[in-house]
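Notes for the one structure printed next.
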Number of protein chains: 2
Amino acid sequence: MVDTTHEMQIGELAQMCHITTRTLRYYEDIGLIEPLRRLEGGFRVYGPETLARIQHIQELKDLLGWSLEEVKGVIQAEDEVDNLRSQYRQSRTDQERLAVVKQATGVIESQLAMVSERLGRLDGMRGTLQAKLQRYGELEAELREQVRSQEGKL
Amino acid sequence: MVDTTHEMQIGELAQMCHITTRTLRYYEDIGLIEPLRRLEGGFRVYGPETLARIQHIQELKDLLGWSLEEVKGVIQAEDEVDNLRSQYRQSRTDQERLAVVKQATGVIESQLAMVSERLGRLDGMRGTLQAKLQRYGELEAELREQVRSQEGKL
DNA sequence: TCATACTCTAACGTTAAGGTAAAGGCGCCG
DNA sequence: CGGCGCCTTTACCTTAACGTTAGAGTATGA
């Protein structure tokens, strides 16, 4: 069960995500998120699911370097599967629901492939960095020795 | 030894890097790269080191998501260490050279830390993706079963 | 020597992802 | 009910990283 107890307004949510309210409204503009509902005055009200959603968005954006437009495609596919469980859009036939799951599976698989590829390249990068660090260490030792011998001459 | 035999002009280099000539000139503008020399007519001439340099730049940009300005800082530190070996700027004292190596070591170390952190987060992401894939697989099997039983009713 | 393909500089255009400011409502405390 | 802090929309501004076009020069094979 999702904790529906802690509702919040845009400022608090922004703080928890370490982003600005402007960014949240912008994400809403481009269809990435939506408030649970609004107060009479028009104030946006969010639940904790949105916090998780934002974090998910930031992972896709920062870790995979995707644009918000690309991110949108992915989470929309995920959303559709989530909606299969709820009564919302229960109207689909089972064949249609199967198609939705298949499509989302494809999205996740390609995402997984991308993550794996990145893991490989990052690991390669780590290797070269470690090698470079070792070379620098040796160079430093060498230079230290030279400095020492020069100090001896004083 | 670096292969100095294969010199090329901007178009060929662009093709090998899968970028445009515009991008290469832009990188030059902001001080990321420089041609080996120019022909009389002003045409840029590059060596193969530049190809490696561009690939390095793209790794930092794409894999770590750094801006070109951040990339510049890193490769400048690396350049300085490389210059220690050549007669260029041989004028430094050993203390100064030691300082350069130390600074570059710091740069590489923080780079390594960042790579490691990203590796960890990416690995976590892979885990959740695999879990999600499994759930989708189960859901798909379930739906398939429902479709089968409905076909039986026809 | 001429045509063709490549290159040069300079300058304006574009897009994503927000930043910032203005002018005005809302909610609640005292 | 007055003030204070948060929220609303609208609208213009900014920056990075190039794209694109124009107008002119260069290199080279036929």
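Basis for what follows: all heavy atoms, side chains included, without hydrogens, waters or symmetry-related copies.
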**Asked** Would one find more than 12 heavy atoms of other residues, nucleotides or ligands at under 6.0 Å from atom CD of Q134(A)?
**Response** no

**Message:** Return a single string for nucleotides 18-30 of chain C, one symbol per nucleotide in 5' to 3' order, where B is base contact, S is sugar-phosphate-only contact and - is none, cutoff 4.0 angstrom on heavy atoms.
**Reply:** BBB----BSS---

**Prompt:** Charged N to carboxylate O below 4.0 Å: is that the case for K132(B) and E78(A)?
**Reply:** yes

**Prompt:** Rounded to the nearest Å, what distance is computed from the CZ atom of residue R25(B) to the C1' atom of nucleotide dT7(C)?
**Reply:** 6 Å

**With sequence neighbours excluded, residues passing side-chain hydrogen bond (donor to acceptor under 3.5 Å, both in side chains) with Q130(B)** = none

**Request:** Please find the earliest and latest nucleotides of DNA chain D, in the 5' to 3' direction, that have an atom within less than 4.0 Å of any heavy atom of chain B.
**Result:** dA17(D) to dA27(D)

**Request:** Specify the separation, in whole Å, of atom CH2 of W66(A) and atom P of dA16(C).
**Result:** 18 Å

Please output the side-chain donor-acceptor pairs of residues 106-116 of chain A that fall under 3.5 Å, not counting sequence neighbours, one pair per line with the distance.
from	atom 1	to	atom 2	distance (Å)
S110(A)	OG	V107(A)	O	3.0
S116(A)	OG	L112(A)	O	3.0

**Message:** I need the full list of side chain to side chain donor-acceptor pair (under 3.5 Å) pairs touching residues 26-39 of chain A, with sequence neighbours left out, sorted by first then second residue.
**Reply:** E7(A)-R37(A), E28(A)-R44(A)

**Message:** So, using salt bridge (Lys or Arg N to Asp or Glu O under 4.0 Å) as the criterion, who are the partners of D82(A) when residues are at least two apart?
**Reply:** none

**Asked** If you measure from the Lys or Arg side-chain nitrogens to the Asp or Glu carboxylate oxygens, is any gap between E49(B) and R53(B) under 4.0 Å?
**Response** no

**Asked** Should R92(B) and E80(B) count as an ion pair when the cut-off is N to O under 4.0 Å?
**Response** yes

